[in-house]
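Reviewing the structure listed below.
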Amino acid sequence: MPPTRPAAPEGFRTALGAFAATLGSAVGLGNIWKFPYLAGIHGGAAFVLVYLAAVALVGIPVLAAELAVGRRLRRNAVAAYAAAVPGYRAWGAIGLAGVAAAFLVMGFYTDVAGWVFAYVFKTLGAAARGTSLPPGTFAALAGGTWEPVTWQAGVLVLTGGILAAGVAKGIERVARVLLPVLFILLLVCDLRSLTLPGAGAGVAFLFKPDPARLTPHVLLGALGLAFFKLSLGMGAMTTYGAYLPDSARIVPTALRVALADTAVSLLAGLALFPAVFALQGTPDGGPGLLFETVPRIFARMPLGGWFTALFFVLAAVATIGAMVSLMEVPVAWLSARGRPGRGASAALVAGLMLLLGVPATLSRAAGLDAFRILGRTCFDLYDAASSQVLLPVGGLAIAILAGWALPRAGFLAELAKGERPGAWTGPALRGLLRWLAPGLILLAGFGLL
Ligand code: TRP
């Protein structure tokens, strides 16, 4: 890696703030919407088990690699990958693919986040009136036109506003405030769900694996979720790595982020499945689990209306840090030379993301839902192209870059910052990146073919 660095970008102020921002990127709809619905359709504990293995063996090493590349080069993801291996600017393709992935993920993420914010108001209103959401609420919202598009635009304005405020004053500060709120709300919902009579069946669903459900299909789903969950494979964590203070130790930071993020997923599962089983629902509602099954099931328990609203407040809180990190990848790249500034870059990127996101949002509207690309709706195409192609391929490229192409001494020096001399974690991590992580990604990829 080159010895000279350009002026470092503004960064996070403290190691704790850096941890909060990184965890804030990881935590999001992945925990509260995707993880429960995927676990629900893939048989619960079997999926959870494979997911845990994917996080430990692939997620943590790639997360540490992204943070290390970012901090080593102290610049936006596109510039960092282009400069990571002297003489091989082609690695910059990882960063460019990452910018593309940021737009694709945001294209459908802001649609779902918009539903979540709409549900905050709908469920609060219903709880205040003492009624439950009328049946067909979700179909009307998701199949609508102006309503979901307005919410989508709203979450993009919110995200852009946070980015315009800056790295420390926007991203870091928002994460430090929102994460504790999220944990408290989650624990309240867990207490409610776990104390229902018959809650044990939901706990068993999540933790007692049925070996018959361990299929290659589950492996690919779990690996894709691990990438999506930990915000890997597209330079989001590389970008945050550039803001990481030298006092933050990379391997323990990656470990703690992965552990805390997995805890949030399991706590979300424990808020949902015990209630679903106790109240005679089914866990396999797919993407509609959060928006259809949950309000219907929660309505059957005491104070259910308020708990439904609380759950959507916590889901809304969770989406913010994730969207911030997705939008920061192109914003950091655009504003790297100071012109356009962060504010103008954020506005431009948010506008482009809306343009790309509206077709995904309208893909459920009557009359427009017949429009397919490669046999998929726009929404499904963005989701599949990012989760099943761009993120795993990006993650594979990052693992190979870190394990094989990066100068060994420089990479290990970055991992060793703040560690005792002779610490074994850096070399062990590099070993995982050389062999196991790429091997498992390829294995899962062949399962797809
Ligand atoms: N990790 C977030 C979630 O679980 C989503 C996310 C944020 C993401 N940044 C990302 C996904 C970068 C892929 C790449 O909701």
Side-chain angles (χ1 to χ4, degrees), residues 20-39 51 54-55 58-60 62-63 65-67 70 77 94-95 97-116 155 159 162-163 171 174-175 178-179 182 186 221-241 254 257-258 260-269 287 290 314-333 349 353 382-395 397-398:
T22 311
L23 181 58
S25 163
V27 167
L29 289 169
N31 312 67
I32 288 159
W33 171 62
K34 266 197 174 206
F35 171 80
Y37 98 64
L38 285 174
Y51 175 70
V55 167
V58 184
I60 293 171
V62 175
L63 173 54
E66 284 210 35
L67 292 175
I94 297 179
V99 169
F103 280 94
L104 283 185
V105 175
M106 278 296 266
F108 73 93
Y109 204 96
T110 51
D111 182 20
V112 182
W115 302 340
V116 171
V155 300
T159 310
I162 294 170
L163 289 193
I171 304 175
V174 168
L178 291 186
L179 274 176
L182 177 83
L186 202 49
L223 196 69
L225 181 66
F227 276 107
F228 186 86
K229 275 287 347 90
L230 295 175
S231 310
L232 300 179
M234 53 148 287
M237 291 306 194
T238 315
T239 306
Y240 278 18
V257 167
D261 175 72
T262 305
V264 172
S265 294
L266 294 175
L267 288 173
L290 178 60
L314 90 83
V317 165
T319 63
I320 296 172
M323 291 191 292
V324 159
S325 74
L326 281 158
M327 201 188 278
E328 176 66 7
V329 174
V331 167
W333 177 49
V349 170
M353 286 179 165
Y382 291 175
D383 187 4
S386 53
S387 288
Q388 289 171 20
V389 183
L390 282 177
L391 303 184
V393 171
I398 292 166

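In each ligand, atom 1 is the first atom listed, and ligand 1 is the first ligand listed.
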Counting only heavy atoms, which portion of Met234 has something under 4.0 Å from ligand 1: side chain, backbone, both, or neither? side chain
Please list, in number order, the atoms of ligand 1 under 4.0 Å from a heavy atom of Gly28. 3 (C), 4 (O), 15 (O)
Please identify which atoms of ligand 1 are closer than 4.0 Å to at least one heavy atom of Leu391. 13 (C)
Under 3.5 Å donor-acceptor, Asn31 side chain and Thr262 backbone: no
In terms of residue, atom name and distance, what is the protein heavy atom nearest to atom 6 (C) of ligand 1? Ser231 OG, 3.6 Å
So is Gly30 polar-close to ligand 1, meaning N/O to N/O under 3.5 Å? yes
Under 3.5 Å, side chain of Trp33 to main-chain N/O of Leu290, donor-acceptor pair present? no
Short version for Ser325: what comes under 4.0 Å of ligand 1, heavy atoms counted, is side chain
Rounded to the nearest 0.5 Å, what separates atom CG in Leu225 from atom NZ in Lys34? 7.0 Å
Could you tell me which atoms of ligand 1, counted from 1 in the order shown, lie closer than 4.0 angstrom to a heavy atom of Lys229? 1 (N), 3 (C), 4 (O)
So does Ala322 get a backbone contact from the side chain of Ser325, meaning a donor-acceptor N/O pair under 3.5 Å? yes
Ala26-ligand 1 polar pair, N/O distance under 3.5 Å: yes
Is it the case that ligand 1 has an N or O less than 3.5 angstrom from some N or O of Phe228? yes
Closest non-hydrogen protein atom to atom 15 (O) of ligand 1, residue and atom name please, with distance? Tyr109 OH, 2.5 Å
Counting only nitrogen or oxygen atoms and a 3.5 angstrom limit, does Leu29 reach ligand 1? yes
Would a line drawn from the ring center of Tyr382 to the ring center of Tyr109 be shorter than 6.0 Å? no
Is there a donor-acceptor pair under 3.5 Å between the side chain of Glu66 and the backbone N or O of Gly233? yes
Run the side-chain hydrogen bond (donor to acceptor under 3.5 Å, both in side chains) test on Thr239 and Glu328 for me, step by step, so that the C-alpha distance in whole Å, both residues' side-chain angles and the decisive distance to 0.1 Å come before the verdict. CA-CA 8 Å; Thr239 306; Glu328 176 66 7; over 6 Å; no
How about Trp115: does its CH2 atom have over 12 heavy atoms from other parts shown lying under 6.0 Å from it? yes
